[in-house]
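Below, read A as the first sequence line, B as the second, and so on, with proteins coming before strands; counting in each chain starts at 1. All heavy atoms count here, side chains included; hydrogens, waters and symmetry mates do not.
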Number of protein chains: 2
Amino acid sequence: MLKTKKEIILETALHLFADKGYEATPTSLIAKAAGVSEGLIFKHYVSKGNLLEAIVKAGYRRATDKSKSLIEEKDPAKFISNMLDMPLKLVEDERSFWRMQFRLVDEEIAQKHHLRFSHSVKQKLVAAFAQLGYEEPEMETEVLMLLVEGLWKAYLTSADKPHFVKMLDLSKKKYIGELIDNR
Amino acid sequence: MLKTKKEIILETALHLFADKGYEATPTSLIAKAAGVSEGLIFKHYVSKGNLLEAIVKAGYRRATDKSKSLIEEKDPAKFISNMLDMPLKLVEDERSFWRMQFRLVDEEIAQKHHLRFSHSVKQKLVAAFAQLGYEEPEMETEVLMLLVEGLWKAYLTSADKPHFVKMLDLSKKKYIGELIDNR
DNA sequence: GTCTATATGTTGATAGAC
DNA sequence: GTCTATCAACATATAGAC
């Protein structure tokens, strides 16, 4: 199926935002790279901020779809392990999106979606730790989330998958080693 | 001692950069907030990027001084514990600086100093883990650094010190629990 | 849907007087 | 050292023709 110019604009902007940053990417450059006129961007997306929002929204929709199987896991130990696997699974095929996303420290739109996404995970994580009898499930969750986010960014910049998998394995051993040794 | 206008400009810019971000803070606003003319900023600092560099440089000089005692620790177990304590120790009194710093994802100047700083720590961390007989000291270091950076950012945004200290304690237990139980 | 102008506003930076 | 005045460059966004 052919891509509409609207879609081309979106994808081109995503890659440019990921590479150069949102603020540092003028709409004129997006237009040139996408092979369309600058005016067309505004016809389709009204404003630059709106274009960004469309990109972020679409990205998180894909992420939600892709992570569904990991999140629906009922066994608490496996669920925790799944959370550590999320970076690896989600970044695959979506490197540009996540590079862009983790750069958008100043844009509240990006922050909003990130919070919503991680919040939904957090709830289940606390429940999982509680179910396993941990003394401070909330604390455990917060520290684990810190590590997951760190792994996420690490995998984004490393691009060395085997090396990253070693980091991931060590993390699992440290955090839930006793739980997954026999999985 | 009186502050020179040059110093006032530097400090004002630091706080504005921390609050609104570097790109989003025009020199006109810095001038207004500092109570000086816009031209004076350029007389003293030549360019906006130069002003940022001066701020970053000064901040890391203070950080290096303050972390000296933590870094010079010779006992490997205590040294590792010290690294986990760094966020708490360094962020104190320097909240604005570190908030600004962790926002500067797009500015290479900031990245450069951050890398240099963490690299110097990394070397010693690998040595410490090796000295303690860990199988993969490099991996241990990388994962620990991930967590330290996470704690750093967490403490910056939480502002709830007791809560953060609980996270810190749990982290220590997970990472070096067997080593520091009796310290 | 798409393009070619063009309007409008900001920003970083400079020149010159005091 | 400091201020006032000013500029060129650039960015987002709009209007109107095809």
Side-chain angles (χ1 to χ4, degrees), chain A residues 1-58 100-101 103-112, chain B residues 1-58 100-101 103-112:
Chain A
M1 61 193 181
L2 278 98
K3 281 177 187 162
T4 67
K5 293 212 168 180
K6 193 176 175 182
E7 289 169 325
I8 293 175
I9 291 170
L10 198 96
E11 287 171 23
T12 307
L14 165 60
H15 289 291
L16 287 171
F17 291 167
D19 286 346
K20 302 171 41 95
Y22 171 71
E23 303 266 12
T25 305
T27 51
S28 60
L29 182 63
I30 300 171
K32 208 177 67 180
V36 300
S37 70
E38 200 174 348
L40 191 61
I41 295 176
F42 291 93
K43 280 288 178 208
H44 280 309
Y45 294 101
V46 182
S47 73
K48 192 188 174 186
N50 222 298
L51 168 60
L52 175 65
E53 188 168 3
I55 294 173
V56 173
K57 237 177 193 164
M100 182 199 74
Q101 175 62 12
R103 266 193 158 190
L104 290 174
V105 190
D106 291 327
E107 259 56 47
E108 56 188 51
I109 311 141
Q111 239 48 34
K112 195 186 81 182
Chain B
M1 62 191 180
L2 278 99
K3 280 177 187 162
T4 66
K5 294 211 168 179
K6 192 175 176 183
E7 289 170 325
I8 293 174
I9 291 170
L10 197 96
E11 287 172 22
T12 307
L14 165 59
H15 288 291
L16 287 171
F17 290 167
D19 285 346
K20 301 170 42 94
Y22 171 71
E23 302 267 13
T25 304
T27 51
S28 59
L29 181 63
I30 300 171
K32 207 177 68 181
V36 301
S37 70
E38 199 175 347
L40 191 61
I41 295 175
F42 291 93
K43 279 290 179 205
H44 279 309
Y45 294 102
V46 182
S47 74
K48 193 188 174 187
N50 222 299
L51 168 61
L52 175 65
E53 188 167 2
I55 294 173
V56 173
K57 235 176 194 165
M100 182 200 75
Q101 175 63 12
R103 265 191 161 193
L104 291 174
V105 190
D106 291 328
E107 258 55 48
E108 57 188 49
I109 310 141
Q111 239 47 33
K112 195 185 83 182

Out of D/dA11, D/dG1, C/dA13, whichever nucleotide has its closest atom nearest the side chain of B/Glu38: C/dA13

Shortest non-hydrogen separation from B/Thr12 to B/Ile30 and the atoms involved: CG2-O, 4.0 Å

A/Gly49 vs B/Gly35, nearer the 5' end of DNA chain D by closest nucleotide: B/Gly35

C/dG12 OP1/OP2 closer than 4.0 Å to side-chain N/O of B/Thr27: yes

Length of the CD-P vector between A/Glu23 and D/dC10, whole Å: 17 Å

Residue-phosphate contact under 4.0 Å: A/Lys43 side-chain N/O, D/dT14 OP1/OP2: no

Shortest side-chain distance from A/Phe42, nucleotide among D/dT4, C/dG1, D/dT14: D/dT14

Value rounded to 0.5 Å, distance of CG in A/Leu2 from CD in A/Glu7: 9.5 Å

Nucleotide C/dT4, atom P - distance to NZ of A/Lys32 in whole Å: 15 Å

Rounded distance in Å - CG (A/Leu52) to P (D/dA11): 17 Å

Between D/dA17 (P) and A/Leu40 (CG): distance, integer Å: 18 Å

For atom CG of A/Leu29 and atom C1' of D/dA11, their distance in whole Å: 12 Å

Gap between atoms CD1 and P, on B/Ile41 and D/dT4 respectively (whole Å): 13 Å

Value in whole Å for how far the C1' atom of D/dA11 lies from CG of A/Leu51: 15 Å

Touch class at under 4.0 angstrom, heavy-atom based, for B/Thr4 against every strand present: nothing

Minimum-distance nucleotide (side-chain atoms of B/His44 versus C/dA13, C/dC3, D/dG1): D/dG1

Distance in angstrom units between B/Asn50 CG and C/dT14 P, rounded: 11 Å

Given D/dT12, D/dC3, C/dC3, the nucleotide with the shortest approach to the side chain of A/Val36: C/dC3

Check: B/Ile109 and B/Lys57 side chains under 4.5 Å, non-hydrogen atoms: no

Separation between CE of B/Met100 and CG of B/Leu52, rounded to the nearest 0.5 Å: 5.5 Å

Any side-chain donor near an acceptor of the partner, A/Glu38 and A/Thr27, under 3.5 Å: yes

